[in-house]
Amino acid sequence: MDQGQCESAVKNCDRPGTARVGLAIALLALASAGCNSGGQGLRAAPTRTAASLPAVETVSVVSRSLSTKAQLPGEILPYEVVGIFPKVTGFVKWMGVDRGSHVANGQLLAMLDAPELVSQKFAAQANLQSAESRVNEAQAKLIADKATYARLQTAARTPGVISEDELETAEKNADADLARVNALRNTVEADKATLNSIQQMEGYLRITAPFEGIITERSVHPGALVGPAGGPNQVPMLRLEQLVHLRLVIDVPEAYVAGVREGTKVKFTVPSFPDREFAGSVARIANSLEAKTRTMPVELDVANPDRTLAPGMFPTVSLPVERPGPTLQVPISAVARTMESEFVVRVRDGRTEWVSVKTGLQSGNLIEVFGGLREGDEVALRGSDELPPNSAVVAKAVPLPN
């Protein structure tokens, strides 16, 4: 009823006549209700229908075995490397190799000259010869004294021919000769040991390769005085590296450590050959994290028969990572993040709820989640803090993204 109709009904109520009293009262009540309602009449309280609720795309939480690849930097090192120092002090007499020389195991690399070592050898030889001569003399005297003692023993069988003192003196002379021979023999053995030691040191004047490899550094030339390692400023004569067999060292982040297995085949590339792919196998795992970087060193064995790769290269390694068992996974877009936490929006019975999670490794479009979820739970495909907890929504299930 509009405003004009309300006013007309009120005026009709003022007309005389009892017959119209009931009608007037009814019209007055109706007019009053119509006027108070702003001309709209009586209305029911509003209610929300399912069509008016927001629709949310949801996906199911899945349990899968994770198999992914981590792209990590690495460093190529020689499998064996050694700085070659001489074992004795001497002058470089001859150098048979230079930087880049390919040497075999045991090959002669350099020769030294040590004049004082030669003089020590001659002195040791002279001492040995003198000691052996004295031994021969002492043995001759021992034989003679033994023979004298034997004759005196025979003569002593005849009473009164040999006195007891003469027989005892002959026995003591023979014993003394035997002791002197033994002492001189010990001296000979000592002199032989000294000579052998000097000859062994003389052998150290020949510098040989401890293994097959490439000479990568040379720091001395003929005439230079060299000596054993020990000084703070000493540098090796040569540096030898094995290049047909290499080590590739990777610092694996803590998140990937549990998924690394010995024997795993690993592929990598190097900037020098961007169109080629190389391979190695996991051979050694440190099993201890570096405190500063929170990474674990992992070594790969790499065969390099044609010496294409070189120590010092920094490859990009595609490291396969596998979990020991299946884990719960959701699309990456399902994980929402705030300043305080990470969460997914679970939809249950038409209501939303936030479930705090910790994320793990990523595999394609899926990511591991650890928390209060179960396999088969429905979560919002696009997690957001714009979906507050306990909101009424309509879930629309969609397949997992590829």
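Owing to the predicted nature of the structure, the values given are computational and were not obtained by experimental measurement.
Ion pairing of Glu353 with Arg348 is present here, as a side-chain N (NZ or NE/NH1/NH2) and a carboxylate O approach within less than 4.0 Å. The pair Arg185-Glu189 fails the salt-bridge criterion, with no side-chain N (NZ, NE, NH1 or NH2) lying under 4.0 Å from an Asp/Glu carboxylate O. Between Glu57 and Arg382 there is a salt bridge, since at least one side-chain N of the basic residue sits less than 4.0 Å from a carboxylate O of the acidic one. The pair Arg323-Glu368 meets the salt-bridge criterion, with a side-chain N (NZ, NE, NH1 or NH2) lying under 4.0 Å from an Asp/Glu carboxylate O. Salt bridge absent: Arg337 and Asp385 never bring a charged side-chain N and a carboxylate O closer than 4.0 Å.
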When the side chains of residues 261-269 are checked against the rest of the protein, which donor-acceptor pairs come out under 3.5 Å, sequence neighbours left out?
residue	atom	partner	partner atom	Å
Arg261	NH1	Ala258	O	2.7
Arg261	NH2	Ala258	O	3.4
Thr264	OG1	Arg261	O	2.7

Side-chain donor/acceptor pairs under 3.5 Å, residues 112-127, sequence neighbours excluded:
residue	atom	partner	partner atom	Å
Ser119	OG	Glu116	O	2.7
Lys121	NZ	Glu202	OE1	3.1
Asn127	ND2	Ala123	O	3.3

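Side chain of Thr308 to main chain of Asn304: no donor-acceptor pair is present (N/O by atom type, distance under 3.5 Å, no hydrogens or angles). No side-chain donor-acceptor contact under 3.5 Å links Arg99 to the backbone of Ile214. No side-chain donor-acceptor contact under 3.5 Å links Arg374 to the backbone of Gly376. Put simply, the side chain of Ser219 gets close to the backbone of Pro236: a donor and an acceptor are under 3.5 Å apart. Ser197 places no side-chain N or O within 3.5 Å of a backbone atom of Ala193 that could act as its donor or acceptor partner. Thr148 contributes a side-chain N or O that, together with a main-chain N or O of Ala144, makes up a donor-acceptor pair within less than 3.5 Å. Checking side-chain atoms of Thr338 against main-chain N and O of Ser341 turns up a donor-acceptor pair under 3.5 Å. Ser391 places a side-chain N or O within 3.5 Å of a backbone atom of Pro388 that can act as its donor or acceptor partner. Using modelled atom types, no side-chain atom of Asp377 and backbone atom of Leu373 make a donor-acceptor pair closer than 3.5 Å. Checked by atom type and distance alone, the side chain of Trp354 pairs as donor or acceptor with a backbone atom of Leu387 at under 3.5 Å.
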*Would you please test Glu75 and Met313 for side-chain contact (heavy atoms from CB on, under 4.5 Å) and show each step?*
CA-CA 6 Å; Glu75 181 180 6; Met313 288 183 172; over 6 Å; no
*For Leu108 and Trp94, what are the C-alpha separation, side-chain angles and deciding distance, and is it a side-chain contact (heavy atoms from CB on, under 4.5 Å)?*
CA-CA 10 Å; Leu108 181 63; Trp94 173 81; 3.7 Å; yes
_Ile84/Leu240 under side-chain contact (heavy atoms from CB on, under 4.5 Å): CA gap, chis, key distance, verdict_ = CA-CA 7 Å; Ile84 298 178; Leu240 177 62; 4.2 Å; yes
*Might you work through the side-chain hydrogen bond (donor to acceptor under 3.5 Å, both in side chains) test for Thr295 and Glu290, ending with a clear yes or no?*
CA-CA 5 Å; Thr295 58; Glu290 298 286 349; over 6 Å; no
*Report the C-alpha distance between Leu225 and Thr89 in whole Å, list the side-chain angles of each, state the deciding distance to 0.1 Å, and finish with yes or no for side-chain contact (heavy atoms from CB on, under 4.5 Å).*
CA-CA 7 Å; Leu225 178 65; Thr89 301; 3.8 Å; yes
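By the 4.5 Å heavy-atom criterion applied to side chains, Leu72 and Val252 are counted as neighbours. Between Glu375 and Leu328 the shortest side-chain heavy-atom distance falls below 4.5 Å. Proximity of Met296 to Ile285: side-chain heavy atoms (C-beta onward) are separated by under 4.5 Å at one or more points. With contacts defined as side-chain heavy-atom distances shorter than 4.5 Å, the pair Pro331/Leu381 qualifies. Using a 4.5 Å heavy-atom cutoff, the side chains of Arg218 and Val97 are not in contact. Side-chain contact between Val88 and Tyr204 is present, with heavy atoms from C-beta onward closer than 4.5 Å. Taking 4.5 Å as the limit, every side-chain heavy atom of Arg247 sits out of range of all side-chain heavy atoms of Pro78. When side chains are defined from C-beta on, Val260 does not count as touching Glu322, because their heavy atoms never get closer than 4.5 Å.
At most 12 non-hydrogen atoms from other residues, nucleotides or ligands lie less than 6.0 angstrom from CG of Asp349. Atom OH of Tyr256 has 12 or fewer neighbouring heavy atoms from other residues, nucleotides or ligands inside a 6.0 Å radius. Within 6.0 Å of CZ on Arg206 lie no more than 12 heavy atoms contributed by other residues, nucleotides or ligands.
Among all heavy-atom pairs drawn from Ala334 and Val379, the shortest one is CB-CG2, 4.3 Å. Pairing each heavy atom of Ala209 with each of Ala104, the nearest pair is CB-O, 3.4 Å. Taking each heavy atom of Gln234 and Gly227 in turn, the nearest pair found is NE2-O, 3.8 Å. Across all non-hydrogen atoms, the minimal contact from Gln242 to Phe211 is N-CE1, 3.8 Å. Residues Gly280 and Leu300 share a closest heavy-atom pair of C-CD2, 4.3 Å. Listed here is the closest heavy atom pair of Leu243 and Arg307: CB-CD, 4.0 Å.
To the nearest 0.5 Å, atoms CG (Asn173) and CD (Glu168) are separated by 11.0 Å. Here the CE-CD distance, from Met237 to Glu217, works out to 13.5 Å after rounding to the nearest 0.5 Å. Annotation: the span from Leu309 atom CG to Phe273 atom CZ amounts to 7.0 Å, rounded to 0.5 Å. In this structure, Arg294 CZ and Glu254 CD are separated by 5.0 Å, a value rounded to the nearest 0.5 Å. Taken from CD1 in Ile215 to CZ in Arg239, the straight-line distance is 10.5 Å, to the nearest 0.5 Å. Separating the CD1 atom in Ile207 from the NZ atom in Lys93 is a distance of 13.0 Å, to the nearest 0.5 Å.
Qualifying ring-ring contact (aromatic ring centres under 6.0 Å, His included) partners for His102, counting only residues two or more places apart in sequence or in other chains: none.
A donor-acceptor pair shorter than 3.5 Å can be found between the side chains of Gln71 and Ser318.
Screening Leu66, Thr68, Ile332 for a side-chain contact (heavy atoms from CB on, under 4.5 Å) with Gln362, the sole residue that qualifies is Ile332.
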